[in-house]
Amino acid sequence: MGEAPIQHGGGISAAAERHGGRPEDWLDLSTGINPCPVPLPAIDPAAWHRLPDRSRLDAARRAAMRYYRSENCLPLPVPGTQAAIQLLPRLVPPGRRVAILSPTYGEYARVLRAAGHEVDAIATLGEVRDEHGLVVVVNPNNPDGRLYPPEELLRLRERLVRSGGMLLVDEAFGDMAPGASLAAHAGGLDGLVIFRSFGKFFGLAGLRLGFVLGEEGLLADFAERLGPWAVSGPALTIATGLMAGDCAPIRERIAERKAALDAVLQQAGLAVIGGTALFSLVSHPQAGTLFEALCRQHILVRPFAYDPTWLRFGLAPDAAADRRLARALAAFDP
């Protein structure tokens, strides 16, 4: 039997079935997604009517190349980063172990173990050994926001390449920390693969779009494995338009929402111990009880089975939602 499914953010319908209320009336703070989705650009009707052709795919790749500043490679669009994670077992050299900087996004370990690979959860980069043929680092990390500078990760890549290994850096939350990105090095350095998420920053997770950056041969292999028309024409068109636009207002809005969230959490006396621009991680000795209390108020946050003192709070969409959260936290009486 395979491993049990990983518990992710979202799941409003399941929460409503358990605690009542209509899903649309719940306040979903369980994800790390921009709660203020950006206006969609105009979509050519042909994007809906025809299979996505090469010109539409190439336009999205060029837009991503400029947006990520990946001057050495054309990023490959994929139907969500999760689809690329499913292909990761192919990157592990035979007989080598995998190291995952942990705790982090649980699908990496689940997918690699399901493929028969030995996986080590490591707490620091210093724990990487020569027997590790693949090292996975989420940077900035989910859920604690741990952030490694580019030069440290590049040194790790050099070490891995000398032993025939590879470094994967997941920059799903990297749009708000561009100075920490390794995208400029992708394609120009061997042994380096980068995953980027599109939907988190732009607030369009339902589009199911991500990008893979790396050496040309690896991208070609991924494209072949995913098959033709892996990403829809409307998704490619939307990405092309948004990545070419002015993203400064999006960053400003996210920063405003993050500041408002942290103010509410601090006013409630919660200890913010980490996070990124799109979520905050708090520690509370009765986190499980607080989680249930918020659910009764029809507010969903993200608990963690591996640390029952942690809760992750995503951004609220507006000031009214901030006040709703503040009232629910003020009413908490363990």
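Atoms considered below: every heavy atom in the structure, side chains included; atoms not considered: hydrogens, waters and symmetry mates.
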Asks: Which is it for D25 and H298 under the side-chain hydrogen bond (donor to acceptor under 3.5 Å, both in side chains) test, yes or no, and what are the steps along the way?
Replies: CA-CA 8 Å; D25 295 331; H298 297 170; over 6 Å; no
Asks: Is a side-chain donor-acceptor pair under 3.5 Å present for N72 with H185?
Replies: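 No, no side-chain donor-acceptor pair sits under 3.5 Å.
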Asks: Should F173 and F279 be marked as a ring-ring contact (aromatic ring centres under 6.0 Å, His included) after you check the CA-CA gap, both sets of side-chain angles, and the distance that decides it?
Replies: CA-CA 10 Å; F173 294 97; F279 60 81; 5.1 Å; yes
Asks: Evaluate L242 against V38 for side-chain contact (heavy atoms from CB on, under 4.5 Å), listing each step before the verdict.
Replies: CA-CA 9 Å; L242 291 180; V38 301; 3.6 Å; yes
Asks: When the ring planes of F211 and Y68 are compared, do they come out parallel, tilted or perpendicular, using 30° and 60° as the limits?
Replies: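 If you compare the ring of F211 with that of Y68, the planes turn out perpendicular.
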Asks: The test is salt bridge (Lys or Arg N to Asp or Glu O under 4.0 Å); show your working for R155 and E158 and say whether it passes.
Replies: CA-CA 5 Å; R155 287 194 297 269; E158 291 177 2; over 6 Å; no
Asks: Would you call D130 and R162 a salt bridge, taking side-chain N to carboxylate O under 4.0 Å as the test?
Replies: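 Salt bridge: no.
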Asks: Is there a donor-acceptor contact under 3.5 Å from the side chain of N139 to the main chain of N141?
Replies: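 Absent.
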Asks: Go through it in stages, so that I can follow the logic: the residues are E292 and R18, the test is salt bridge (Lys or Arg N to Asp or Glu O under 4.0 Å), and I'd like the CA-CA distance, side-chain angles, deciding distance and then a yes or no.
Replies: CA-CA 11 Å; E292 293 293 334; R18 180 180 177 188; 3.3 Å; yes
Asks: Determine the minimum heavy-atom distance between D262 and S280, stating which atoms define it.
Replies: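 Closest approach of D262 to S280: OD1-OG, 2.6 Å.
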Asks: Using the rule given for side-chain contact (heavy atoms from CB on, under 4.5 Å), can you reason through V161 versus L167, listing the C-alpha separation, both sets of side-chain angles and the distance that settles it, and then say yes or no?
Replies: CA-CA 9 Å; V161 169; L167 173 64; over 6 Å; no
Asks: Strictly by modelled atom types, are D170 and Y108 linked by a side-chain donor-acceptor pair under 3.5 Å?
Replies: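 Yes, because at least one side-chain N or O of D170 sits under 3.5 Å from a partner of the opposite role on Y108.
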Asks: Main chain of R96, side chain of E118: is a donor-acceptor contact present, judged purely on distance under 3.5 Å?
Replies: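 Pair absent, no side-chain N/O of E118 close to backbone of R96.
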Asks: Between D318 and A321, is there a donor-acceptor pair closer than 3.5 Å when you use the side chain of the first and the backbone of the second?
Replies: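 Yes, D318 side chain to A321 backbone: donor-acceptor pair under 3.5 Å.
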Asks: Given 3.5 Å as the limit, does a donor-acceptor pair link the side chain of D246 with the main chain of P249, or not?
Replies: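 Checked: no pair found.
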Asks: Between A205 and I33, what is the shortest heavy-atom contact and its length?
Replies: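 Here A205 and I33 meet closest at CB-CD1, 3.5 Å.
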Asks: Can you see which heavy atom on T309 is nearest to which on D307, and at what distance?
Replies: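 That would be OG1-OD1, 2.6 Å.
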Asks: Of the non-hydrogen atoms in L154 and L189, which two are nearest, and what is the gap between them?
Replies: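 That closest heavy-atom pairing would be CD2-CD1, 3.8 Å.
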Asks: If only side-chain N and O atoms count, and only distance matters, is there a donor-acceptor pair under 3.5 Å linking Y67 with D175?
Replies: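 Side-chain D/A pair, D175 to Y67: present.
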Asks: Closest heavy-atom contact between L204 and P37?
Replies: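 Minimum heavy-atom contact is CD2-CB, 4.2 Å.
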Asks: Testing the basics here: between A180 and Y148, what is the closest heavy-atom pair and its distance to 0.1 Å?
Replies: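 Smallest heavy-atom distance, with atoms named: CB-O, 4.5 Å.
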Asks: Could you walk me through whether D190 and R157 satisfy the salt bridge (Lys or Arg N to Asp or Glu O under 4.0 Å) test, starting with their C-alpha distance in whole Å, then the side-chain angles of each, then the deciding distance to 0.1 Å, before giving a yes or no?
Replies: CA-CA 9 Å; D190 56 355; R157 183 208 66 88; 3.1 Å; yes
Asks: Can the positive tip of R302 be found less than 6.0 Å from the middle of the six-membered ring of F304, inside 45° of the ring normal?
Replies: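 Positive - R302 is close enough to the ring of F304 and near enough to its axis.
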Asks: For the pair L192 and M166, evaluate side-chain contact (heavy atoms from CB on, under 4.5 Å) and give the outcome as yes or no after the intermediate values.
Replies: CA-CA 6 Å; L192 176 64; M166 178 174 290; over 6 Å; no
Asks: Run the side-chain contact (heavy atoms from CB on, under 4.5 Å) test on R62 and D58 for me, step by step, so that the C-alpha distance in whole Å, both residues' side-chain angles and the decisive distance to 0.1 Å come before the verdict.
Replies: CA-CA 6 Å; R62 289 192 297 269; D58 288 347; 3.5 Å; yes
Asks: Strictly distance-based, threshold 3.5 Å: is any side-chain N or O of R97 a donor or acceptor partner for the main-chain N or O of H132?
Replies: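 Not a single qualifying donor-acceptor pair exists.
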Asks: Return the orientation label for the F332 and H284 ring planes: parallel under 30°, perpendicular over 60°, tilted otherwise.
Replies: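 Answer is perpendicular, since the angle exceeds 60°.
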Asks: Quick one: do the R312 and S30 side chains pair a donor with an acceptor below 3.5 Å?
Replies: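 R312 vs S30: no donor-acceptor pair found between side chains.
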Asks: Quick one: does any side-chain atom of E171 pair with a main-chain N or O of L182 as donor and acceptor, under 3.5 Å?
Replies: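 A pair under 3.5 Å: yes.
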